[in-house]
Each structure stands twice: as C-alpha cells, then as structure tokens.
Enquirer: 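Here it is, the structure, as structure tokens.
So that the names make sense, note that chain A is the first sequence line, chain B the second, and so on, each numbered from 1. None of the values given here were measured: they were computed from a predicted structure.
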2 protein chains.
Amino acid sequence: MPEELSQIVCPIQRAATLVADVTVIVILRELQHGPRRFSHFVDVGLNPRTLSKRLQCLVSEGVLSRTAYAESPPRVDYALTDKGRALTPVLRALQEFGEEWMPAGPEDLAAFQAQTQKASTIPT
Amino acid sequence: MPEELSQIVCPIQRAATLVADVTVIVILRELQHGPRRFSHFVDVGLNPRTLSKRLQCLVSEGVLSRTAYAESPPRVDYALTDKGRALTPVLRALQEFGEEWMPAGPEDLAAFQAQTQKASTIPT
DNA sequence: CAGCATCCACTTTGATACTG
DNA sequence: CAGTATCAAAGTGGATGCTG
C-alpha cells in the first residue's frame with residue numbers, strides 16, 4: 001500500500017487502495033470479531049513494522065479506533081469505527097465477486113486459511 | 001499492482017488487488033461505455049507500458065476480451081466480459097463508501113477528473 | 001496503430017534488534 | 001507489551017525509442 005494514500009483524490013481509487021492490502025484485509029477480518037490488540041495481529045503472522053504502519057494509516061483514516069490503557073505492561077486495543085464497519089459492503093462485494101469469478105481450489109483456500117490462521121469469510 | 005496476481009489465493013484479496021489500481025480503474029470506467037481501443041486509453045493519459053501490462057492481466061483474468069482486426073493500420077478492441085461486468089457491484093460499493101466516508105473537496109474531484117479526462121462516476 | 005525492450009529511480013518490505 | 005530503527009533486497013512505474 002502506497003504511503004501517500006492521503007494524496008489519492010478519487011474516492012473509488014482511495015477506498016480500493018486502502019482495502020487492497022493483505023495486511024489491511026487481515027486486520028479488518030480480525031476486528032470483525034471485536035477489538036484486538038497489537039500482539040494479536042502479530043500472532044496471526046503480521047510483520048510488526050508493516051502492521052504498525054497499517055494500523056496508523058487505518059486510524060488516521062478513521063477506520064479504526066485506538067484505545068490505550070494506562071497499565072503495565074501496556075495495553076492497546078484496536079476496534080472498528082462506524083466508518084470501518086461501513087467497509088463491510090465493500091468487502092462483501094469483493095468476496096462475492098471473488099468467490100464466483102475467481103476460481104480457487106479448496107487447497108488454495110486451505111493454504112490461505114492456514115496462512116492467516118483464520119476463516120476466509122467475513123461474518124455479518 | 002503485483003505481477004504475481006495469479007498467485008494470490010484469497011478471493012477477497014485477489015479481487016481487491018485487481019481493482020486497486022488507477023490504471024485498472026480507469027480502464028474499467030472507460031469500458032463501461034462500450035469497447036475501446038488501445039490508443040483511446042493512451043489518449044486518456046495512461047502510460048503505454050503500464051497499460052499494456054494491465055490489459056494483458058485483465059484479459060488473462062477473463063475480465064476483458066481482446067479483439068484484433070486484420071486491418072492496416074492494426075486495430076484492437078477491448079471490451080468487458082460477463083466477468084468484467086460482474087465487477088460493477090464492487091466498484092459501486094467502493095464508490096459509495098468512498099463518497100460517503102472519504103472526504104474529497106470539489107477541487108480534488110475536479111483535479112482528478114482533469115487528470116483522467118473523464119467523469120468520476122460509474123454509469124449504470 | 002499496438003505494444004515490447006531498456007534504462008533508471010523510487011517505494012515498499014521482511015528480518016532483526018532494541019526501548020519505554 | 002507496543003512499537004520503532006536500521007538495512008539490504010526486490011518490485012514497480014515513468015520516459016523513451018523502435019517495430020510489424
């Protein structure tokens with residue numbers, strides 16, 4: 001995902017770019033189940049460096065909310081905002097198109113699921 | 001857009017990656033009005049090199065059809081296939097999300113339109 | 001007209017290590 | 001725990017020029 005996302009002016013283009021990133025998709029998928037912590041995403045296989053960037057981007061885009069608790073060890077929760085939830089129809093459209101027109105054998109899906117440690121469907 | 005698109009197994013990810021490219025979006029938008037030629041896209045501002053790659057990718061993905069006529073000078077038409085038309089809901093979802101949640105001043109839109117020489121909405 | 005080959009520079013990423 | 005710093009490696013994109 002380009003660093004200059006904020007400079008993309010076309011709404012379609014910008015939204016598409018935002019969503020067309022493995023890391024972002026995994027993040028959104030995980031958050032569908034509720035708030036998650038930084039370490040959770042790391043456990044799921046995301047690179048801390050990229051994860052950090054995406055999280056910052058998503059927060060600054062208003063798609064995610066970041067809540068830090070004054071504890072030790074530190075704890076930070078990430079959750080979907082209304083805007084983040086508004087992204088669901090997009091993901092669903094993407095998924096429906098993908099499932100109907102993008103042939104992917106069961107093995108492939110299994111590989112992907114193993115890779116991300118999660119199911120490939122986005123719950124309602 | 002990554003060259004190894006065919007290696008992306010997750011349907012969502014793959015469809016998203018396909019669509020998350022300025023060049024691809026412009027191509028799809030232009031084709032909404034009917035078949036277009038290579039030069040048309042060039043006229044619209046697309047780089048021949050990138051355009052060529054995207055066109056090949058879209059054709060091999062089955063999103064576009066390529067028709068070459070035995071003429072001189074050569075003539076080639078590109079058009080949406082059923083699969084290509086099936087992408088419309090995705091673009092629309094993207095657009096709706098973008099328009100509602102991605103603030104873009106009128107100036108920005110104007111800039112974009114000037115840049116692509118076209119309206120930024122996708123006709124039905 | 002359609003489109004490939006080349007050059008080149010910039011952007012982005014994974015791995016790894018370190019800190020408040 | 002939640003990040004950030006560094007570094008080398010690789011992928012991409014634009015400009016240009018050429019050909020069937």
Enquirer: Heavy atoms from C-beta onward define the side chain here; which of D:dG14, D:dT12, D:dT4 lies closest to that of B:P2?
Expert: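 Selected nucleotide (nearest to the side chain): D:dT12.
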
Enquirer: Taking any heavy-atom pair under 4.0 Å as a contact, classify B:R37: base, sugar-phosphate, or nothing.
Expert: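 It contacts sugar-phosphate atoms only.
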
Enquirer: Mind checking if A:Y69 touches a base, just sugar-phosphate, or nothing, with heavy atoms under 4.0 Å?
Expert: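 No contact.
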
Enquirer: So if I take every side-chain heavy atom of B:F38 and compare against C:dT13, C:dA2, D:dG13, which nucleotide ends up nearest?
Expert: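 It is C:dA2.
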
Enquirer: At less than 4.0 Å, is any side-chain N or O atom of B:T50 found next to OP1 or OP2 of D:dG14? Yes or no.
Expert: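 Answer yes for this pair, as a side-chain N or O of B:T50 is under 4.0 Å from OP1 or OP2.
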
Enquirer: Taking OP1 and OP2 of D:dG3, is either one under 4.0 Å from a side-chain nitrogen or oxygen of A:R66?
Expert: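 So the side-chain polar atoms of A:R66 do come within 4.0 Å of the phosphate oxygens OP1 or OP2 of D:dG3, strictly under.
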
Enquirer: Within this structure, what is the CZ-CG distance for the pair A:F97 and B:L91, rounded to the nearest 0.5 Å?
Expert: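 The distance works out to 9.5 Å.
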
Enquirer: Does B:Y78 have B:R36 sitting over its ring (NZ/CZ under 6.0 Å from centre, angle to axis within 45°)?
Expert: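 No, B:R36 and B:Y78 do not form such a contact.
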
Enquirer: To the nearest Å, give me how far apart CZ (A:R49) and P (C:dT16) are.
Expert: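 Rounded to whole Å, this separation is 14 Å.
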
Enquirer: Atom CG of A:N47 and atom C1' of C:dT12: how far apart are they, to the nearest Å?
Expert: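 Nearest whole value for this atom pair: 12 Å.
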
Enquirer: Let's see if you can work this out: which of D:dT6, D:dG13, C:dC1 has an atom nearest to the side-chain heavy atoms of B:S39?
Expert: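 Minimum distance to the B:S39 side chain belongs to C:dC1.
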
Enquirer: What contact category does B:Y78 fall into here, base, sugar-phosphate, or nothing, at under 4.0 angstrom with non-hydrogen atoms?
Expert: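 Counting heavy atoms under 4.0 Å across all strands, the contact made by B:Y78 is with sugar-phosphate only.
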
Enquirer: Would you kindly give the CG-to-C1' distance between B:L46 and C:dC1, to the nearest whole Å?
Expert: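 Between C1' of C:dC1 and CG of B:L46: 16 Å.
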
Enquirer: Nearest-Å distance, CZ (A:R36) to P (D:dC1)?
Expert: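 Rounded to whole Å, this separation is 16 Å.
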
Enquirer: Between C:dA15 atom P and A:L51 atom CG, what is the distance in whole Å?
Expert: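 It works out to 14 Å between those atoms.
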
Enquirer: Which of the following nucleotides, C:dC1, C:dT11, D:dG3, is nearest to the side chain of A:V76?
Expert: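 Minimum distance to the A:V76 side chain belongs to D:dG3.
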
Enquirer: Within the structure shown, what part of the strands sits under 4.0 Å from B:E71 by heavy-atom distance: base, sugar-phosphate, or nothing?
Expert: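 Nothing, no heavy atom under 4.0 Å.
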
Enquirer: It should be established whether B:R54 places a side-chain nitrogen or oxygen under 4.0 Å from OP1 or OP2 of nucleotide D:dG13.
Expert: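 So the side chain of B:R54 is within the cut-off, an N or O lying under 4.0 Å from OP1 or OP2 of D:dG13.
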
Enquirer: Ignoring backbone atoms, establish whether A:Q56 has a side-chain N or O less than 4.0 Å from OP1 or OP2 of D:dG3.
Expert: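 Checking A:Q56 against D:dG3: no side-chain N or O falls below 4.0 Å of OP1 or OP2.
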
Enquirer: For the side chain of A:P74, counting heavy atoms from C-beta on, which of C:dT11, C:dG20, D:dG13 is nearest?
Expert: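 Comparing C:dT11, C:dG20, D:dG13 against the side chain of A:P74, the answer is C:dG20.
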
Enquirer: Could you state the CG-C1' distance from A:D77 to D:dG3, rounded to the nearest angstrom?
Expert: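 In whole Å, D:dG3 C1' lies 15 Å from A:D77 CG.
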
Enquirer: Give the rounded distance in Å between these two atoms: CG of B:L55 and P of D:dG13.
Expert: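 Value for this atom pair: 14 Å.
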
Enquirer: Taking atom types as modelled, is there a side-chain donor on A:Q13 or A:T17 under 3.5 Å from an acceptor on the other?
Expert: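 Side chains of A:Q13 and A:T17: pair found under 3.5 Å.
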
Enquirer: Please tell me which of the listed nucleotides, D:dT4, C:dA15, D:dA15, lies nearest to the side chain of A:P48?
Expert: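 Comparing D:dT4, C:dA15, D:dA15 against the side chain of A:P48, the answer is D:dT4.
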
Enquirer: Would you mind checking if A:E61 and A:R14 are paired as a salt bridge, meaning a charged N to carboxylate O distance below 4.0 Å?
Expert: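 Answer for the salt bridge query: yes.
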
Enquirer: Specify the separation, in whole Å, of atom CE of A:M1 and atom C1' of D:dG11.
Expert: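 Taking CE of A:M1 and C1' of D:dG11, I get 17 Å after rounding.
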
Enquirer: Is the backbone of A:P74 close enough, under 3.5 Å, to the side chain of A:S72 for a donor and an acceptor to pair up by distance?
Expert: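 No; zero donor-acceptor contacts below 3.5 Å.
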
Enquirer: Counting side-chain heavy atoms from C-beta on, which of D:dT12, C:dC1, C:dA2 comes nearest to B:P73?
Expert: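 Of the options given, the side chain of B:P73 lies nearest C:dC1.
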
Enquirer: What residue among B:I27, B:L64, B:L28, B:I25 forms side-chain contact (heavy atoms from CB on, under 4.5 Å) with B:R54?
Expert: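 Among B:I27, B:L64, B:L28, B:I25, the one that satisfies the side-chain contact (heavy atoms from CB on, under 4.5 Å) with B:R54 is B:I27.
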
